[in-house]
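Let me begin by presenting the structure, written as structure tokens, before commenting on it.
The figures here come from the full heavy-atom set of this structure, side chains too, leaving out hydrogens, waters and symmetry mates. Just so you know, these numbers come straight off a predicted model, no measurement behind them.
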Protein chains: 2
Amino acid sequence: MALEPPTHADAAACERGDAALSRAFSFLGKRWTAVVLGCLRPGPAGFRELSRAIGGVSDSVLSDRLSELTEQGLVARTVDEGPPVAVFYELTERGRALMPALDQISTWAREHLSQGEA
Amino acid sequence: MALEPPTHADAAACERGDAALSRAFSFLGKRWTAVVLGCLRPGPAGFRELSRAIGGVSDSVLSDRLSELTEQGLVARTVDEGPPVAVFYELTERGRALMPALDQISTWAREHLSQGEA
DNA sequence: AGTAGCAGCTAGGAAAATAGAAGCGACCAG
DNA sequence: CTGGTCGCTTCTATTTTCCTAGCTGCTACT
């Protein structure tokens, strides 16, 4: 039986929750996104503050990530036009809603991915 | 008070669960990884079968993803040396352990990321 | 004044990830 | 024998991603 009617189990086989998953990973998978979200978790932070806290990310990339996250509505950018203009980013509700999922992956990683492994 | 001693809240500010998270995303974030895992969820599948089911992925990339996943112990590669050599991939326990997390992200994406949005 | 911090953006190029096509050995049906 | 399937691997071209480095403008401390 090399000719099992492949009329099913093809495109329909996957496509369960993958479309959504793919879209999520399209930006969650970017190099610093998760870290940025992690740094924002404790509370609001300014650009330079994040830059320092993360350490190793360039302004341009940080700026990109922050923009993407803002576009997706995961973080909010607030400008305080006081004499010294100040800006701070913080998680939105949508962003917070993602935290549990991130935690779960993090937990899984700790349990199943020893850091010593290649 | 522009000089709040920044001696704290710097490097230590993030680095909570991010190291693990980053490692997880280092391969979960790759373009087809999540989809492959999703396709493997229902049960074992052969290379060509996956290729067809996913549709849009090239052999080379699929091969890569499968190798990475196998290395990480998320999927198992079994060879059946029967007369017609057959190979099939399937999720390991470690791989299955990740499913709930993936589901959670998927759910989050469905709820907070309308596909119509940019 | 001079120095230093904050908030970003832009340019340019190196590096990495992808897609797509082709090739190889085996096997099975006609 | 010929054609089609399976399971990959290798090669190249293109796209995407990331990092380095510099720059503008404003405020505040010394």
Side-chain angles (χ1 to χ4, degrees), chain A residues 1-7 9-10 13 22-23 25-36 39-40 44-71 75-90, chain B residues 1-10 13 22 25-36 39-40 44-71 75-90:
Chain A
M1 315 99 193
L3 282 195
E4 276 283 307
T7 41
D10 264 27
S22 287
R23 266 181 299 115
F25 275 101
S26 77
F27 60 91
L28 285 182
K30 298 285 190 71
R31 189 150 194 170
W32 298 100
T33 310
V35 183
V36 170
C39 283
L40 246 25
F47 187 90
R48 198 52 54 176
E49 198 176 338
L50 284 172
S51 171
R52 261 181 221 297
I54 294 175
V57 67
S58 57
D59 286 5
S60 51
V61 174
L62 179 56
S63 185
D64 269 5
R65 292 302 106 87
L66 249 17
S67 297
E68 292 170 3
L69 256 17
T70 301
E71 268 181 49
V75 309
R77 178 175 185 268
T78 311
V79 182
D80 175 8
E81 289 291 10
V85 56
V87 179
F88 65 92
Y89 298 86
E90 66 183 322
Chain B
M1 38 265 340
L3 281 197
E4 276 285 308
T7 40
H8 66 307
D10 266 27
S22 288
F25 275 100
S26 75
F27 61 92
L28 285 182
K30 298 286 191 69
R31 192 151 195 167
W32 297 100
T33 310
V35 183
V36 170
C39 283
L40 246 25
F47 187 91
R48 196 55 53 178
E49 199 176 336
L50 284 172
S51 171
R52 260 180 223 299
I54 293 174
V57 67
S58 57
D59 285 4
S60 50
V61 174
L62 179 56
S63 185
D64 269 4
R65 291 303 104 90
L66 250 15
S67 298
E68 293 171 2
L69 256 17
T70 301
E71 266 180 50
V75 309
R77 179 176 184 267
T78 309
V79 182
D80 175 7
E81 289 290 11
V85 56
V87 179
F88 65 92
Y89 298 86
E90 66 183 320

OP1 or OP2 of [N] versus the side-chain N and O atoms of [X]: is any pair under 4.0 Å?
X       : N      : result
B/Tyr89 : D/dC8  : yes
B/Arg77 : D/dG7  : no
A/Arg31 : D/dT16 : no
B/Trp32 : C/dA19 : yes

What is the distance from [atom1] of [X] to [atom2] of [N], rounded to the nearest Å?
X       : N      : atom1 : atom2 : value
B/Asp64 : C/dA19 : CG    : C1'   : 12 Å
B/Leu50 : D/dG7  : CG    : C1'   : 12 Å
B/Asp80 : D/dG7  : CG    : P     : 11 Å
A/Lys30 : D/dC19 : NZ    : P     : 12 Å
B/Asp59 : C/dT18 : CG    : P     : 15 Å
A/Leu62 : D/dT20 : CG    : P     : 14 Å
B/Glu49 : D/dC8  : CD    : P     : 13 Å

Checklist entry - Which nucleotide in the set D/dC19, C/dA7, D/dG7 lies at the smallest distance from any side-chain heavy atom of A/Val87? => result C/dA7
Item to check | Side-chain donor/acceptor of B/Arg48 to base of D/dG7, under 3.5 Å | outcome: yes
Checklist entry - Donor-acceptor pair under 3.5 Å: do we get one between B/Ser60's side chain and the base of C/dG20? => result yes
Item to check | By side chain to side chain contact (heavy atoms under 4.5 Å, CB included) - contacts of B/Phe47 (at least two apart) | outcome: B/Asp59, B/Leu62, B/Ser63, B/Leu66, B/Tyr89
Item to check | Which residue lies more 5' along DNA chain D, comparing A/Val85 with A/Gly29 via nearest heavy atoms | outcome: A/Gly29
Checklist entry - If you pin B/Phe88 and A/Pro84 to their nearest nucleotides in DNA chain D, which one's is more 5'? => result B/Phe88
Checklist entry - Taking B/Leu69 as the fixed residue, which of B/Leu28, B/Asp64, B/Thr33, B/Leu40 is the one that meets the side-chain contact (heavy atoms from CB on, under 4.5 Å) rule? => result B/Thr33
Item to check | Most 5' of A/Phe47 and B/Arg65 on DNA chain C, judged by nearest nucleotide | outcome: A/Phe47
